[in-house]
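What follows is one structure encoded as structure tokens, with my remarks underneath.
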Amino acid sequence: MNSFRDTMYEAFTANNTISPAYFDKYGVKRGLRNPDGTGVMAGVTNICNVHGYVVDDGEKKPADGKLIFRGYNIRDLIGKVEAEDRFGFEEIVYLLLTSRLPTAEELSGFSDLLSESRALPDNFFEDMILKAPSRDIMNKMARATLALYSYDSDPEAHTPEHEIDTAVSLIAKMPVIMICAYETKKRYYNEDSMFMHPLIKGQSTAENILSTLRPDRKFTRDEAKLLDLLLMLHAEHGGGNNSTFTCRVLTSSGTDPYSAYAAAIGSLKGARHGGANRKVSEMLGFIKRNVSDWEDENEVYEYLKKLIRKEDGDRSGLIYGMGHGVYTLSDPRAVILKKYAGRMAEGTEFEKEFRLLSSIESLTPQAFAEIKHSDKVICANIDLYSGFVYRMLGIPEDLFTPLFAVSRMAGWCAHRFEEINSGKRIIRPAYKSVAPERPYIALGNR
């Protein structure tokens with residue numbers, strides 16, 4: 001006879017699997033998605049517009065992607081930063097939090113405020129990170145965010161001042177927490193040397209990350225600007241993405257900011273969300289090992305079909321880095337990042353790998369159409385190239401998703417502000433119960 005534990009293990013799948021027929025019967029939109037793949041309308045926002053298709057006479061039609069922050073096209077925001085040869089992430093953060101572009105004086109003051117706010121509370125590193133290391137950096141970042149609640153003199157305050165101050169503090173501290181968690185992980189689990197550099201005031205967020213991550217603290221301006229570009233592209237992506245919606249759901253309950261932001265980090269950790277860039281790296285490893293000539297498009301194409309048929313790789317049938325829930329013809333973030341990535345890879349050891357990624361991007365739609373007999377339009381998303389850029393910058397894979405969180409904290413804060421001021425109602429969707437009622441059986445008769 002099985003033990004009660006075995007019974008519980010067996011019940012995990014058997015008693016928690018609901019027939020898809022019920023979802024159809026009651027018109028349930030799984031994943032809050034409409035039948036055509038568009039998201040169920042759950043709110044309105046002034047923060048960001050993620051545009052990837054048009055609806056004409058009730059029919060969804062593909063369109064070139066656009067990403068708009070507070071009314072400003074991401075292409076224009078990045079283009080101006082590049083033209084003026086400066087860092088842009090701090091400007092993006094200010095824009096998201098305040099809904100307006102800062103003056104030169106305001107940007108300088110805000111950048112100084114972020115720099116001055118990076119330091120962790122006294123003994124925080126020793127007590128909350130060093131003494132409780134984690135194999136996963138995202139896990140440690142979420143725990144550290146929750147722990148900061150205990151260092152706040154009035155963590156349950158719901159004033160605008162407290163919300164702003166907490167947001168600025170967390171945006172500033174996330175890179176430091178990330179690096180501290182990574183160095184601790186190296187020491188405890190990799191048996192590697194741990195480097196703990198003092199903070200240098202006046203550095204941009206991108207410069208601070210490279211300066212504290214690299215043992216010799218050395219980096220080029222071009223490297224810092226490329227990382228700054230990634231931070232800008234990842235900072236915000238609308239209210240419907242999973243982690244931002246998570247932040248809004250918790251915020252709607254009236255909970256404290258630390259709980260809301262920690263939950264968002266937990267959401268982003270998932271492989272279907274922020275963890276996707278690591279899945280691209282894993283998939284690329286399979287391709288490199290099984291395709292003898294990366295320049296042979298026919299060989300690459302045949303292997304992509306094997307992945308789609310679940311004959312190799314992780315056998316998910318997915319080509320990671322391809323396709324998106326909103327974008328159809330193009331993901332503007334991927335388009336921008338590809339241009340900069342190609343420029344940096346040219347003439348280096350990474351050039352051949354960049355061409356392989358380009359082949360994956362161009363060949364995947366045709367491979368899906370052949371195998372799935374589908375005319376669905378798919379494009380590369382930012383994950384196809386983000387991990388590649390991180391590798392060019394010498395950033396370890398452990399930090400791919402954490403860097404996403406460092407950047408996206410700005411967007412989460414903006415959406416929390418909006419939910420506080422405009423939501424005014426706890427988010428509480430309905431679930432249809434399909435469980436039949438049963439008579440209670442006395443303990444001795446079971």
Side-chain angles (χ1 to χ4, degrees), residues 29-40 49-56 59-67 74-75 233-234 237-238 240-242 270-284 286-287 291 294 297-339 341-342 353-389 404:
K29 297 178 178 179
R30 281 195 281 183
L32 295 181
R33 298 286 187 88
N34 294 310
D36 62 2
T38 59
V40 171
N49 181 23
V50 181
H51 173 80
Y53 56 85
V54 295
V55 178
D56 185 13
E59 182 182 356
K60 177 183 173 184
K61 295 184 178 180
D64 284 319
K66 292 181 181 179
L67 180 58
I74 190 64
R75 292 177 183 271
L233 290 173
H234 276 133
H237 212 234
N241 71 79
N242 195 275
R272 293 181 180 179
H273 193 7
N277 50 26
R278 297 187 69 170
K279 294 297 291 184
V280 171
S281 294
E282 179 187 66
M283 177 190 74
L284 201 58
F286 285 117
I287 295 173
V291 174
W294 303 356
E297 289 198 347
N298 287 330
E299 188 179 1
V300 174
Y301 182 72
E302 290 303 317
Y303 188 72
L304 290 175
K305 290 196 294 183
K306 289 184 68 175
L307 293 178
I308 295 170
R309 290 194 297 259
K310 304 181 182 181
E311 295 172 357
D312 212 336
D314 68 356
R315 302 186 187 278
S316 67
L318 301 174
I319 304 296
Y320 295 100
M322 294 298 300
H324 191 268
V326 177
Y327 297 126
T328 52
L329 294 180
S330 62
D331 177 344
R333 304 167 304 167
V335 173
I336 293 169
L337 187 57
K338 181 181 180 180
K339 181 182 75 172
E353 184 175 326
F354 176 78
R355 290 198 297 269
L356 174 59
L357 287 171
S358 295
S359 294
I360 294 170
E361 178 181 0
S362 63
L363 297 173
T364 294
Q366 180 184 346
F368 264 111
E370 179 179 339
I371 301 300
K372 299 292 186 179
H373 306 292
S374 170
D375 59 357
K376 181 180 179 180
V377 177
I378 60 173
C379 65
N381 61 56
I382 191 172
D383 292 316
L384 187 65
Y385 293 100
S386 61
F388 172 71
V389 171
F404 194 163

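Counting begins at 1 with the first residue of the sequence.
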How close do G39 and R33 get, counting heavy atoms only, and between which atoms?
CA-CD, 4.3 Å

Under 4.0 Å between a Lys/Arg side-chain N and an Asp/Glu carboxylate O for R278 and D383?
no

Are a donor atom and an acceptor atom from the side chains of E282 and Y320 found within less than 3.5 Å of each other?
no

For a side chain to side chain contact (heavy atoms under 4.5 Å, CB included) check, start with the C-alpha distance between V335 and R75, then their side-chain angles and the critical distance, and finish with the verdict.
CA-CA 10 Å; V335 173; R75 292 177 183 271; 3.8 Å; yes

Working to the nearest 0.5 Å, report the span between NZ of K66 and OG of S330.
10.5 Å

Residue list, side chain to side chain contact (heavy atoms under 4.5 Å, CB included) with K60, at least two apart or on another chain
D36, T38, Y53, T328

What distance do I287 atom CD1 and K306 atom NZ have between them, rounded to the nearest 0.5 Å?
12.0 Å

Does CZ in R355 sit with more than 12 non-hydrogen atoms of other residues, nucleotides or ligands closer than 6.0 Å?
yes

Not counting sequence neighbours, which residues clear side chain to side chain contact (heavy atoms under 4.5 Å, CB included) with E299? List them please.
V291, S292, D293, D296

Answer yes or no: is there a side-chain heavy-atom contact under 4.5 Å between L384 and D331?
no

Just verifying a value: how many Å separate F286 CZ and S281 OG, rounded to the nearest 0.5 Å?
12.0 Å

Nearest heavy atoms of N277 and G274, plus distance in Å
OD1-O, 3.4 Å

Here the pair of heavy atoms bringing G323 nearest to N381 is O-ND2, 2.7 Å

Side-chain donor-acceptor distances from residues 368-380 under 3.5 Å, at least two apart:
unit_1, atom_1, unit_2, atom_2, d
E370, OE1, Y301, OH, 2.5
E370, OE2, K305, NZ, 3.0
S374, OG, K376, N, 3.1

From E297 atom CD to E302 atom CD, the distance as rounded to the nearest 0.5 Å:
12.5 Å

Give, for atom CZ of R315 and atom NZ of K310, the distance between the pair rounded to the nearest 0.5 Å.
11.0 Å

P332 and Y327, any side-chain heavy atoms less than 4.5 Å apart:
yes

In short, V50 meets G238 closest at the heavy-atom pair CG2-N, 4.0 Å

Looking at H324 versus H237, is the centre-to-centre ring distance below 6.0 Å?
yes

Side-chain heavy-atom pair L67, R333 within 4.5 angstrom cut-off
yes

Using the side chain to side chain contact (heavy atoms under 4.5 Å, CB included) rule, take L307 and D314 through it: C-alpha gap first, then chi angles, then the decisive distance, then the call.
CA-CA 8 Å; L307 293 178; D314 68 356; over 6 Å; no

Going by heavy atoms in the side chains, are I382 and H234 under 4.5 Å from each other?
yes

Using modelled atom types and a 3.5 Å cut-off, is there a donor and acceptor pairing between side-chain atoms of T364 and backbone atoms of E361?
no

Over 60° means perpendicular and under 30° means parallel, so tell me whether F354 and F388 are parallel, tilted or perpendicular.
tilted

Taking every heavy atom of V300 against every heavy atom of W294, the minimum-distance pair comes out as CG2-O, 3.7 Å

May I ask you to check whether N34 and K29 show a side-chain donor-acceptor distance below 3.5 Å?
yes

Would you compute the distance between atom CZ of R272 and atom CG of N242 and round it to the nearest 0.5 angstrom?
10.0 Å

